[in-house]
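I have placed the structure first, in the form of structure tokens, so that the comments after it can refer back to it.
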Amino acid sequence: MTIATGDDSAWPVGILFSQTGVTAIIEQSQLNGALLAIDEVNEAGGAMGRPIEPIILDPGSDPVRYRQMAERLIGDGQTNVIFGCYMSSSRKEVLPVVERYNGLLFYPTLYEGFEYSPNVIYGGAAPNQNSLPLATYLMDHFGSRFFFVGSDYIYPRESNRVMRNIVRQGGGEVVAEHYVDLEAGPEDFSEVIDKIAALEPDVIFSTVVGTGTVNFYRAYYGANTDASKRPIASLTTNEAEVAAMGAQVAEGHITAAPYFRSVAGERNHDFIERYRAKFGEVETITSCCEAAYFQVHLYANALRLAGAGNTDSLRAVLCGAEFEAPQGRIKIDPENNHAYLLSRIARVDESGDFVIQREASRPIKPDPYLAVPALNDWAHTPAWVR
Amino acid sequence: MSEDDAIIERLRGLSALVLHPRDGDAEELLLQLNRIGCRAQAVWPPPRVDAESVDIAFILVQEKPSEPIVQFLERQSVAPTLIGLAGYESPSVLNHLIELKVDSVLTKPIRPSGVLTAMVTGRRIWQECRQKDRMIGKLRSKVENSQKMTDAKLILMRLHGIEEQAAYQAMRQQAMETRQSISDIAEAIIQSHELLSSVVTRAAGPSEDDPT
């Protein structure tokens with residue numbers, strides 16, 4: 001399909017990140033990352049002399065609206081490319097739309113794996129790139145009695161299944177698994193906090209997402225707990241949420257992600273400074289923001305390389321494409337459209353900054369169909385550098 | 001770990017064979033099998049010699065039976081899990097799916113999503129059928145054995161005018177002394193009895209109420 005726009009002077013792209021609703025904090029961060037990259041591309045003369053023109057819609061954290069808006073963007077021929085989605089439930093709504101019209105969805109979010117579509121370019125970590133390293137780290141440092149708490153939807157359930165497998169292989173146990181509503185308020189966590197106090201696990205693995213994250217960490221802090229001894233570990237809790245909950249609340253807790261604002265190097269420094277110049281702050285820079293950012297650049301490079309904006313031409317050059325991202329050099333695996341990503345484990349310090357504790361020495365190949373990650377699988381765990 | 005988890009966990013170790021002409025569908029299927037992490041290869045036409053053992057076979061299913069595929073399947077010592085690749089949902093194709101006893105089906109055009117599900121459901125059905133076959137075999141031999149024991153005991157009871165328990169003890173004693181299974185003893189008793197009675201019947205000549 002060709003871009004059915006009368007305007008030949010721009011590359012229109014749909015942007016579907018919620019600016020309202022439960023996942024607004026993180027999706028606003030992704031939106032910013034995408035917009036910063038669009039600015040950079042356009043300031044550099046666009047692609048083949050044409051700027052990228054974002055069509056920004058707000059699905060309000062409602063999966064059904066993601067589908068409706070994707071229909072409007074792609075079905076009505078405004079564009080063939082969408083950057084968007086955070087929760088798996090929203091991606092699953094957009095997926096049939098991009099497949100039906102042969103569009104492209106750039107999905108800059110970690111997720112549970114077990115998906116491949118020729119119409120999606122995945123920019124976030126699969127479980128073999130984040131769950132496995134996190135579990136190893138936690139068992140090395142805190143012990144093997146895990147308490148799981150998560151929001152009740154597919155990502156936490158699947159993520160916990162993976163984690164449970166790894167913990168068991170390491171000889172550990174999951175002492176309890178507790179799910180809360182996606183829109184859980186502060187009072188909804190009192191039961192979880194009581195259970196944690198009663199069961200005394202070594203570590204808490206949280207897959208609570210959205211506004212629930214801040215509520216959970218606050219409730220945990222309010223219960224006179226010691227994060228230095230029994231931290232909450234997460235794959236999603238990020239800089240923006242730490243800023244929202246406050247450094248005092250977040251101190252000592254742990255997150256695994258391909259990118260943290262504290263990643264060393266000039267490339268990341270430049271990225272942060274440009275972000276500051278555009279948005280006036282850097283608190284909202286997260287790994288999902290960085291993924292949205294590098295995915296826009298991948299798209300722009302693909303336009304330049306393909307010399308065309310249609311999906312088939314773009315896909316042909318996106319498979320195997322590499323980019324010097326703020327996290328390091330990333331690459332789209334032509335086997336599965338997911339990305340080779342770095343893997344890092346960081347802990348929040350007293351000023352609310354993530355301090356990297358461990359990082360992979362090289363990008364990890366994505367393995368979205370890995371059902372049972374093996375703790376000692378050398379093929380998936382590169383050497384660690386402290 | 002439950003059996004169902006084991007099915008998913010073991011998928012990666014399976015060797016998969018695609019018996020389908022090398023076209024876009026076969027290509028798409030091979031790529032997805034590769035993503036899933038199976039050892040997969042596509043061969044067309046179906047090999048005439050024995051291939052290495054195949055755990056799961058994806059086979060072309062059309063409106064008419066494919067002799068080479070049927071012959072290939074007949075040569076497998078252990079029947080692989082069969083997944084039909086069907087282009088039409090017409091009754092002749094459906095019939096063929098039934099005749100080939102496929103465990104699961106993928107309709108063409110092949111899309112990446114759905115392959116894993118078809119494999120898992122196919123494996124479950126295949127596994128369950130094999131477990132049931134094994135169990136049926138066990139039960140059948142158990143029933144046959146029990147019938148044999150009863151027959152042998154009856155023979156001993158009639159011949160020697162003893163109780164069932166005594167007949168059983170006698171067989172058990174014999175089994176221990178001759179180091180055979182009690183079932184073999186029962187078999188021997190039945191056979192000797194049949195032999196004896198047929199010899200006796202013949203020696204007596206045609207019976208009186210024989211119409212000739």
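Every chain is numbered from 1 and lettered A, B, ... according to where its sequence line falls, protein lines coming before strand lines. Computed from a prediction, not measured in an experiment: that's the story for all the values here.
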Exercise. Within a reach of under 6.0 Å around CZ of Arg100(A), are more than 12 heavy atoms found that belong to other residues, nucleotides or ligands?
Worked result: yes
For this session: Using non-hydrogen atoms and a 4.5 Å limit, figure out which bit of Pro368(A) sits close to chain B: side chain, backbone, both or neither.
Result: neither
For this session: Answer yes or no: are there more than 12 heavy-atom neighbours, outside Glu163(B) itself, under 6.0 Å from its atom CD?
Result: no
Exercise. Tell me, do Ser117(A) and Ser113(B) make a side-chain contact under 4.5 Å, heavy atoms counted?
Worked result: no
Problem set entry | Among Leu33(B), Leu11(B), Ile36(B), Asn34(B), side chain to side chain contact (heavy atoms under 4.5 Å, CB included) partner for Tyr369(A) | Ile36(B)
Seminar exercise, completed: Whatever's closer than 4.5 Å to a heavy atom in chain B on Glu115(A) counts as neither
Exercise. If you measure from CZ on Arg161(A) to CD1 on Ile8(B), what distance do you get to the nearest 0.5 Å?
Worked result: 6.5 Å
Exercise. Say you draw a straight line from CG of Asp333(A) to CZ of Arg35(B); how long is it, rounded to the nearest 0.5 Å?
Worked result: 9.5 Å
For this session: Show the numbers, then the answer: is there a side chain to side chain contact (heavy atoms under 4.5 Å, CB included) between Leu370(A) and Arg12(B)?
Result: CA-CA 9 Å; Leu370(A) 183 64; Arg12(B) 286 215 157 172; 3.3 Å; yes
